[in-house]
Amino acid sequence: MGRPRTPSGRARETNRRLTLEYPDAVCELDHGNPFELLAATILSAQCTDVRVNMVTPTLFARYPLPEDLAQAAPAELQEIIRSTGFYQNKARSLIGMANALVDRFGGEVPGAMEDLVTVPGVGRKTANVVRSVALGLPGLPVDTHVGRLSRLLGLTTEMDPVKVEMELNPMVPAHERGLFSLRLILHGRRVCVARRPRCEDCVLNDFCPSSEI
DNA sequence: ATCCCGAGGG
DNA sequence: CCCTCTGGAT
């Protein structure tokens, strides 16, 4: 299946600044709306971006604001999000999340990690997506492809997501934290995949110790 | 068959 | 540490 491909982006590294340049990104959400991004990120667990994008228009038409989602009937919400998988957990998380925003954060998405992780359905990875993409704060969504990220960093035994975040964070230009996070996610999902890494599409071959090119 | 854009719970 | 929850992709 050797298919020659034109690399679809490039990478440069200057001092400690790393820039990933892929052509663009896929999430059709309004990234300036933290509530929508948070809900979509909860939905995205173990699920492709394409499928999340199929349900979000209906979801936000039905529940435009945290106040609306907080009062959703579980069965109706489950029906809307069913195709994203884990739909019972996700429906419970979404309703709990909305209630938390309304009850404890004035209907807004909090920016502090300590606050975010107290919100139902929000772990460190989801919190970092929201922080970087919606709020422009430091934060890297280090998920299950952390092992492959460790490969990129030249780390052999270090698989701790927090350590990886600490190593990568200073390399991300402040003005493109959100973009970097989205591209990092896409890179783990579409290029540096577990089984058969698509090194021919990867922009990091020049300094990836595991490059097959 | 196996892995995933996770998080909560035992 | 382990397990569960779901559907889809490979």
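The shown structure was predicted, so the numbers you read here are calculated from the model rather than taken from an experiment. FYI, side chains are in, hydrogens and waters are out, and symmetry mates aren't considered; it's all heavy atoms of this structure. In what follows, every chain begins at residue 1, and chains take the letters A, B, ... in the order their sequences are listed.
Here the side chains of A:L140 and A:S181 are in contact, with some heavy-atom distance below 4.5 Å. Taking 4.5 Å as the limit, every side-chain heavy atom of A:L94 sits out of range of all side-chain heavy atoms of A:Y63.
Comparing C:dC5, C:dG8, B:dC5 by their nearest atom to the side chain of A:R51 picks out C:dG8. Of all nucleotides listed (B:dC5, C:dG8, C:dT6), B:dC5 comes nearest to the side chain of A:I185. Comparing atom distances between the A:T126 side chain and each of B:dA7, C:dA9, C:dT6 picks out B:dA7 as nearest. Taking only side-chain atoms of A:D49, from C-beta outward, the nucleotide of C:dG8, C:dC5, B:dC5 with the closest atom is B:dC5. The side chain of A:T48 sits closest to C:dA9 out of C:dA9, C:dC5, C:dG7.
The distance from atom CG of A:N89 to atom C1' of C:dG7 is 13 Å, rounded to the nearest whole Å. Rounding to whole angstrom units, CZ of residue A:R92 and P of C:dC5 are separated by 11 Å. Nucleotide B:dG8 holds its P atom 13 Å from the NZ atom of A:K90, rounded to whole Å.
Here A:F86 does not lie in a stacked arrangement on the base of C:dC5, lacking the combination of planes under 30° and ring centres under 5.5 Å apart.
With 3.5 Å as the limit, one finds no donor-acceptor pair spanning the side chains of A:S44 and A:R51.
Summary of the strand contacts: A:G121 and A:K125 both lie near DNA chain B, and taking for each the nucleotide with the nearest heavy atom, the more 5' one is attributed to A:K125.
Contact annotation for A:V122: backbone-only contact, meaning every heavy-atom pair under 4.0 Å involves sugar-phosphate atoms and none involves a base.
Heavy atoms of other residues, nucleotides or ligands lying less than 6.0 angstrom from CD of A:E76 number more than 12.
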